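To start, the structure under review is shown below, and the notes come after it.
Values in this document were obtained by computation on a predicted structure and should not be read as measured data. Within every chain, numbering begins at 1; the chains are lettered A, B, ... in the order of the sequence lines, protein sequences first and strands thereafter.
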Amino acid sequence: MSDGETRRPEPTDFIREMIRADVAAKRHGGQVVTRFPPEPNGYLHIGHAKAICIDFGIAKEMGGRCHLRMDDTNPTTEDMEYVEAIKRDVRWLGFDWGEHLYYASDYFERFYYLGEKLIERGRAYVCDLPEETFSKEYRGTITEHGKESPYRARSVEENLDLFRRMRAGEFADGAKVLRARIDMTSPNMKMRDPPLVRIKHAHHYRTENTWCIYPLYDYAHCLEDSFEGVTHSLCTLEFESARELYDWVIQATEVPHVPRQTEFARLNITYMVMSKRKLLQLVEGKHVRGWDDPRMPTIAGLRRRGYTPEAIREFIGRVGVAKNISTVDIALLEHTVREDLDRRSPRVMAVLRPLEVVIDSFPEGELEEIDAPYWPPGTEPAADVARTGSRKLAFSRRVFIDREDFAEAPPKGWHRLAPGRRVRLRHAYIVTCTSVDKDETGAIVRVHCTHDPATRGGNAPAGERVDGTLHWVSAERAADVEVRLYDRLFVSENPGEGDADYLTELNPASLAVLVGKAEPSLAAATVGERFQLERVGFFVVDEDTAPGAIVLSRTVALKDSWQKVVARAEPAAPKTPDSKKEKREKKPAAPVEAAPVELSPEAIALRDAHGLPPETARVIAQEALLAALFAGATEAPKGKELAKAVATLLANDVLGELRSKRLEAVPFDGPALVELADLVKDGTIGSAQTKEVLAAMLASGKSPRAIVADKGLAQIASADALGPIVEQVLADNADAVGRYKAGNVNVVGALVGMVMKKSGGRANAKLVKELLEKKLA
RNA sequence: UCCGGCGUCGUCUAAUGGCAGGACAGAGGAUUUUGAUUCCUCUUACGAAAGUUCGAAUCUUUCCGCCGGAACCA
């Protein structure tokens with residue numbers, strides 16, 4: 001991390017939490033191995049940057065390693081050019097795979113070997129069904145089961161022979177395929193005998209013509225992870241339903257190392273497209289100049305646009321990692337890059353649309369040298385930024401300003417030049433506009449000013465305020481520069497949303513090329529150097545620059561609050577597309593009457609036998625484990641009498657634990673729950689303690705009474721015992737008490753919590769609350 | 001319609017049964033030789049309903065909405 005990068009607390013997200021827990025539990029010997037597995041069939045984009053930051057970033061944080069692996073199992077799309085581009089981009093982003101560069105294509109022999117092994121164990125077969133036949137007649141649909149392929153029952157010998165001949169090249173593309181033998185009735189379509197290895201007589205950029213069969217993603221990826229000892233295989237949400245197959249292949253091939261797949265939401269950004277297919281279309285359709293066109297969301301494009309790796313990493317960090325499907329506002333990306341560039345970009349001046357200004361009071365032919373600092377006071381350049389100090393500016397009778405900075409009839413709130421107005425030419429003089437020259441069409445060709453010699457350096461006399469400060473360039477010493485102004489590539493917030501073709505939503509103004517005038521110091525600028533053109537934006541010197549022909553690309557414009565004022569005066573922009581909330585509310589739910597619950601006969605029996613609320617009865621009847629526990633409970637001595645309490649426990653708390661821990665069994669029985677309910681009934685424990693006892697039962701299987709005794713959980717329910725603790729908490733939290741008195745009644749909950757904690761979890765919460773409320777009243 | 005996933009300010013994201021917090025965006029203001037930067041202030045959210053609980057964004061149930069899954073792509 002470079003110096004000065006924003007320090008933030010250690011990132012926490014569900015993946016990091018999971019991995020930290022794995023490390024703490026010493027799974028995989030406490031090792032963390034991740035991988036970033038791009039397919040070399042396109043350039044990396046900022047969505048990949050998220051994956052890279054997660055895969056490499058987490059491995060680094062946990063003291064593990066991250067592999068860079070080219071997932072090159074499809075010979076028809078992949079290419080060495082992409083491999084090189086991927087390596088360059090990952091490195092540029094600041095990550096290092098060390099020795100760990102891998103290629104799926106190096107594992108082809110092992111995939112083949114494991115294919116034979118699957119066949120031998122009856123877990124895979126060679127299928128002759130054409131792709132179309134299988135998908136139309138056999139796979140079934142989302143709602144209907146599939147049916148088994150007629151080739152499913154082939155003998156091991158025949159399968160082996162066929163598979164070998166597939167490899168030997170005896171069959172045409174698509175004539176045969178190796179299929180997993182799983183379950184044609186699975187609700188997960190991925191599990192309906194998915195293809196594992198297909199025939200493709202194609203040249204592979206690395207293995208050339210060695211192979212004519214290639215593994216498919218679902219077969220290859222999990223094995224690659226296993227071969228490499230990957231512990232945590234992190235991928236995006238669309239692979240969620242592939243996870244079941246991932247685990248199946250690992251289990252069926254009996255590979256020794258078992259990696260685990262976890263999915264997170266991919267990155268979307270407004271006004272951008274992020275699919276490889278669309279990006280490829282933009283390049284091939286010449287809608288942009290190439291993969292590294294500065295308008296592209298590719299890493300190469302962003303790099304050429306002048307983005308820094310630090311800014312991108314910071315952006316990714318701010319976006320976070322979660323499973324919500326999300327689209328980040330491009331304003332956040334722009335903010336992050338401005339923030340970074342502000343510390344990296346020396347300030348210089350250039351005029352994009354020159355308008356000549358004649359300073360009539362300044363002597364003809366005179367050139368005045370002015371020393372101007374590169375950095376405004378108060379801005380500390382980042383440590384690794386080269387240009388510091390100041391440079392020389394030339395002031396002369398003729399200068400250029402931007403046409404946008406002059407108005408003959410200025411609108412309200414105008415802070416720039418206009419007839420009669422006094423403005424400062426930055427670092428130079430305060431000037432006053434005296435007249436305007438126009439051509440025969442009435443267009444302004446020249447502006448006349450007089451300067452105030454007492455204001456040299458731009459200093460206003462004490463107490464005087466000028467109308468504004470303008471950037472400028474001497475007409476005598478200006479360097480011509482090509483300036484490329486980039487804007488978002490699409491005009492639509494979500495290109496291609498709905499029925500729209502995203503290509504019709506390209507922004508025709510995404511690139512504007514101007515020839516401007518720059519201050520002399522810019523003539524020596526070198527490719528990759530970054531500047532802020534004062535009042536205009538952040539720029540980078542483009543690689544198209546040649547000696548004497550500087551090309552400047554705008555990375556991002558400066559924030560412009562004047563533009564906002566102007567925009568506000570104009571008719572309101574069309575409302576943004578539907579937000580999440582609007583989507584949710586689009587079809588307003590008909591006011592739902594609490595629909596009468598349909599009860600199964602079992603549920604009805606439970607309800608009637610024990611007087612349970614119908615909801616509770618249904619939940620218990622539905623879940624076999626709960627039903628068994630409940631049945632056991634009612635057999636116990638006090639079971640009938642406490643049935644309702646037990647049922648509530650079962651339906652509300654036990655079920656929750658079962659779900660969250662994905663438990664199939666529970667280490668206690670029904671009578672234990674009766675015992676727990678009895679403890680509550682006789683007042684030994686309160687509701688606060690019940691949860692804790694239940695958790696302990698789940699963990700140890702011990703009896704409730706034993707747990708209460710062990711942990712000393714018997715509740716404290718006397719005002720005498722609790723009073724002092726309440727007093728103490730109140731005294732220690734005067735500020736919280738203040739907030740309560742100011743109207744925040746929720747504070748009581750927090751105070752109850754504190755008392756509970758101080759009492760070792762033993763206080764009767766209800767009583768505590770009463771005591772607190774009495775004191776606070 | 002089946003399976004899986006997801007619903008918190010406009011946007012992204014926190015909270016691990018106890019004061020709904022942060023960032024961006026937006027609004028207002030201060031400072032300013034960049035209408036920049038910086039600083040201060042403010043508006044705005046738990047999809048709905050019912051249940052469990054002293055207390056629910058968090059546990060349970062039902063409903064609603066969104067996304068992914070039927071490539072011999074990855």
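- Dashed line: the shortest gap from a side-chain N or O of A/Ser561 to OP1 or OP2 of B/A36 is under 4.0 Å.
- Heavy-atom minimum distance, A/Asp218 versus A/Ala242: OD1-CB, 3.5 Å.
- Remark: the A/Arg243 side chain and the B/G4 base include no donor-acceptor N/O pair separated by less than 3.5 Å.
- A/Gly686 comes within contact range of no nucleotide atom at all, as no heavy-atom separation falls under 4.0 Å.
- Base pairing in RNA chain B yields stems of at least 3 consecutive Watson-Crick or G-U pairs, both distances under 3.5 Å, namely B:2-7 with B:64-69, B:10-13 with B:21-24, B:26-30 with B:38-42, B:47-51 with B:59-63.
- Residue pairs meeting the side-chain hydrogen bond (donor to acceptor under 3.5 Å, both in side chains) criterion with at least one partner in residues 558-567 of chain A, sequence neighbours excluded, do not occur; the list is empty.
- At B/G35, none of the side-chain N or O atoms of A/His415 fall inside 4.0 Å of OP1 or OP2 (strictly under the cut-off).
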Shorter than 3.5 Å, N or O on both sides, protein versus nucleotides 13-19 of chain B: list them out with atom names.
from: B/U13; atom 1: OP2; to: A/Asn324; atom 2: ND2; distance (Å): 3.4
from: B/U16; atom 1: O4; to: A/Glu17; atom 2: OE1; distance (Å): 2.3
from: B/U16; atom 1: O4; to: A/Glu17; atom 2: OE2; distance (Å): 2.2
from: B/G17; atom 1: O6; to: A/Lys691; atom 2: NZ; distance (Å): 3.0
from: B/G18; atom 1: N9; to: A/Gly749; atom 2: O; distance (Å): 3.4
from: B/G18; atom 1: N3; to: A/Gly749; atom 2: O; distance (Å): 2.6
from: B/C19; atom 1: O2; to: A/Arg739; atom 2: NE; distance (Å): 2.4
from: B/C19; atom 1: O2; to: A/Arg739; atom 2: NH2; distance (Å): 3.3
from: B/C19; atom 1: N3; to: A/Arg739; atom 2: NE; distance (Å): 3.1
from: B/C19; atom 1: N3; to: A/Arg739; atom 2: NH2; distance (Å): 2.1
from: B/C19; atom 1: N4; to: A/Arg739; atom 2: NH2; distance (Å): 2.9

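- The phosphate of B/A27 (OP1 or OP2) has a side-chain N or O of A/Arg568 nearer than 4.0 angstrom.
- A close approach under 4.0 Å does not occur between any side-chain nitrogen or oxygen of A/Arg338 and OP1 or OP2 of B/A36.
- A/Glu144 contributes no side-chain N or O that forms a donor-acceptor pair with the base of B/U1 under 3.5 Å.
- Residues that satisfy the side-chain contact (heavy atoms from CB on, under 4.5 Å) test with A/Leu558, not counting sequence neighbours, are A/Gln532, A/Phe538.
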If you restrict it to nitrogen or oxygen atoms, what contacts under 3.5 Å exist between nucleotides 69-74 of chain B and the protein, and what is each distance?
from: B/A70; atom 1: O3'; to: A/Arg139; atom 2: NE; distance (Å): 3.4
from: B/A70; atom 1: O2'; to: A/Arg139; atom 2: NE; distance (Å): 2.8
from: B/A71; atom 1: OP2; to: A/Arg139; atom 2: NH2; distance (Å): 3.4
from: B/C72; atom 1: OP1; to: A/Glu131; atom 2: OE2; distance (Å): 3.0
from: B/C72; atom 1: N4; to: A/Leu129; atom 2: O; distance (Å): 2.9
from: B/C72; atom 1: N4; to: A/Glu131; atom 2: N; distance (Å): 3.2
from: B/C72; atom 1: N4; to: A/Gly174; atom 2: O; distance (Å): 3.2
from: B/C73; atom 1: OP2; to: A/Arg198; atom 2: NE; distance (Å): 3.0
from: B/C73; atom 1: OP2; to: A/Arg198; atom 2: NH2; distance (Å): 2.6
from: B/C73; atom 1: O3'; to: A/Arg198; atom 2: NH2; distance (Å): 3.4
from: B/C73; atom 1: O2'; to: A/Asn74; atom 2: ND2; distance (Å): 3.2
from: B/A74; atom 1: OP1; to: A/Thr73; atom 2: OG1; distance (Å): 2.7
from: B/A74; atom 1: OP1; to: A/Arg198; atom 2: NH1; distance (Å): 3.4
from: B/A74; atom 1: OP1; to: A/Arg198; atom 2: NH2; distance (Å): 3.3
from: B/A74; atom 1: OP2; to: A/Tyr217; atom 2: N; distance (Å): 2.8
from: B/A74; atom 1: O3'; to: A/Asp71; atom 2: OD2; distance (Å): 2.9
from: B/A74; atom 1: N6; to: A/Lys190; atom 2: NZ; distance (Å): 3.4

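- Listed in residue order, the members of residues 652-660 of chain A having a heavy atom less than 4.0 Å from RNA chain B are A/Asn652, A/Leu655, A/Gly656, A/Arg659.
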